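Model, not experiment: these values are computed from the prediction.
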Amino acid sequence: KVENVRNPAIALPGWPTVKVYGEEIPLSFEALLMGLAEKLSLPGFGPDGFGDGLPYTRPEDFYLKQVADIAFGHKEDGSDSVPEADDEEMRIFMEARRFLPKSFFDVDKWRAAVGNDESLWRKVVYVLNRGGRYQDFAKAYKGDQVANTYGRLINLYQEKTSSAINSM
């Protein structure tokens with residue numbers, strides 16, 4: 001069993017934390033939005049944000065569900081899901097985060113955000129360790145054309161936003 005080992009002497013310099021829904025989390029845009037939701041008692045946030053007993057009190061409650069969707073795949077039966085991370089991958093995942101304070105990484109809270117399903121948790125770790133889900137290179141092309149085309153026009157460069165301070 002891999003333990004969540006921490007060194008309290010190591011801290012992330014200069015990164016403040018805040019309390020939202022009674023929990024210390026890293027200060028971020030998500031923390032701001034969740035803090036506003038808490039103050040305004042907005043639905044869809046808090047201890048039952050995703051339904052009875054399904055909290056939305058930390059950013060990972062949202063983001064890790066998205067990673068779980070990516071890991072599960074498109075088919076309803078899960079037949080195109082990624083493989084589970086093996087014990088060595090799990091060790092590497094935990095080892096890479098061992099120095100993070102609990103406000104940044106708490107393995108129990110991350111597991112709970114995925115649903116405490118060991119198989120799905122290992123699939124999430126598989127995706128996170130690779131920085132995403134990738135198709136085999138052999139399937140990337142159909143002849144000389146890319147296999148996965150955009151369904152609509154997208155603008156990768158726009159003259160009017162190229163020199164803007166904030167393109168958003």
Side-chain angles (χ1 to χ4, degrees), residues 1-74 81-82 84-134 154-156 158 160-168:
K1 179 178 173 185
V2 177
E3 295 295 325
N4 198 353
V5 181
R6 297 190 190 286
N7 182 348
I10 299 174
L12 300 177
W15 198 290
T17 60
V18 294
K19 281 214 175 202
V20 179
Y21 293 106
E23 293 193 54
E24 188 178 357
I25 63 173
L27 178 61
S28 63
F29 183 67
E30 289 83 355
L32 169 73
L33 294 178
M34 294 177 82
L36 288 171
E38 179 183 23
K39 281 288 188 196
L40 297 172
S41 300
L42 295 179
F45 294 88
D48 296 318
F50 285 114
D52 290 337
L54 298 171
Y56 185 17
T57 58
R58 305 175 60 87
E60 56 265 30
D61 291 335
F62 178 74
Y63 291 120
L64 289 175
K65 283 175 180 44
Q66 290 180 324
V67 175
D69 284 346
I70 291 167
F72 189 77
H74 296 292
S81 68
V82 299
E84 294 180 12
D86 61 20
D87 290 342
E88 177 63 7
E89 270 200 71
M90 296 301 288
R91 186 195 66 74
I92 291 168
F93 181 79
M94 294 300 295
E95 182 73 15
R97 290 158 181 80
R98 74 186 181 285
F99 65 91
L100 294 171
K102 277 202 178 253
S103 61
F104 283 74
F105 174 71
D106 183 332
V107 69
D108 296 326
K109 289 182 180 177
W110 280 39
R111 278 175 178 259
V114 173
N116 284 320
D117 177 331
E118 180 65 20
S119 174
L120 186 55
W121 169 242
R122 285 180 171 264
K123 291 173 191 267
V124 165
V125 169
Y126 182 93
V127 171
L128 290 174
N129 277 355
R130 286 159 179 76
R133 179 179 178 150
Y134 301 96
I154 61 167
N155 293 315
L156 297 177
Q158 294 180 21
K160 64 184 178 182
T161 58
S162 65
S163 60
I165 293 173
N166 183 348
S167 64
M168 299 304 284

Next item on the list: Check whether any side-chain heavy atom of Lys109 lies under 4.5 Å from a side-chain heavy atom of Lys102, and answer yes or no.
Entry: no
Margin query: For Pro26 versus Ser103, what's the shortest heavy-atom pair and its separation?
Written below: CD-O, 3.1 Å
Check: Looking only at atom types and distance, does a side-chain atom of Asp48 sit under 3.5 Å from a main-chain N or O of Gly53, one as donor and one as acceptor?
Finding: yes
Margin query: For Thr57, is there any backbone N or O sitting under 3.5 Å from a side-chain donor or acceptor partner on Asp61?
Written below: yes
Margin query: Could you walk me through whether Met34 and Lys39 satisfy the side chain to side chain contact (heavy atoms under 4.5 Å, CB included) test, starting with their C-alpha distance in whole Å, then the side-chain angles of each, then the deciding distance to 0.1 Å, before giving a yes or no?
Written below: CA-CA 9 Å; Met34 294 177 82; Lys39 281 288 188 196; over 6 Å; no
Item checked: Euclidean distance, Asn129 CG relative to Glu88 CD, rounded to 0.5 Å -> 10.5 Å
Next item on the list: Identify the heavy atoms of Val125 and Ala85 that sit nearest to each other, and give their distance.
Entry: CG1-CB, 4.0 Å
Checklist line | For the student: nearest non-hydrogen atoms of Arg122 and Asp86, plus distance | finding: NH1-C, 3.5 Å
Next item on the list: Taking the side chain as every heavy atom from C-beta outward, state whether Leu128 and Trp110 have any pair of such atoms under 4.5 Å apart.
Entry: yes
Check: Think Arg58 forms a cation-pi with Tyr56, using NZ or CZ under 6.0 Å from the six-ring centre and within 45 degrees of its axis?
Finding: no
Check: Side chains of Phe50 and Lys65: closer than 4.5 Å at any heavy-atom pair?
Finding: yes
Next item on the list: Quick one: pull up CD in Glu24 and CZ in Phe104 and give me the separation to the nearest 0.5 Å.
Entry: 8.5 Å
Checklist line | Interatomic distance, Glu30 atom CD to Glu60 atom CD [nearest 0.5 angstrom] | finding: 10.5 Å
Next item on the list: Evaluate the side-chain proximity of Val18 to Ile25: yes if any heavy-atom separation is below 4.5 Å, no if none is.
Entry: yes
Check: Is a side-chain donor or acceptor of Arg133 paired with a backbone partner of Ile70 at a separation under 3.5 angstrom?
Finding: yes
Check: Does NZ or CZ of Arg97 fall inside the cone over Phe99's six-membered ring, less than 6.0 Å from its centre and within 45° of the axis?
Finding: no
Check: How about Trp121 and Val107: do any of their side-chain heavy atoms sit closer than 4.5 Å?
Finding: yes
Next item on the list: Indicate yes or no: at least one non-hydrogen side-chain atom of Leu32 is less than 4.5 angstrom from one of Phe29.
Entry: yes
Notebook entry, point to check: Looking only at atom types and distance, does a side-chain atom of Lys123 sit under 3.5 Å from a main-chain N or O of Ala71, one as donor and one as acceptor?
Noted result: no
Notebook entry, point to check: Which heavy atom of Ser119 sits nearest a heavy atom of Glu84, and at what distance?
Noted result: OG-OE2, 2.6 Å
Check: Shortest non-hydrogen contact from Val124 to Ala68?
Finding: CG2-CA, 3.7 Å
Check: Val20 and Ala31: which non-hydrogen atoms are nearest, and at how many Å?
Finding: CG2-O, 3.9 Å
Check: Do Glu38 side-chain atoms and Tyr21 backbone N/O form a donor-acceptor pair below 3.5 Å?
Finding: yes
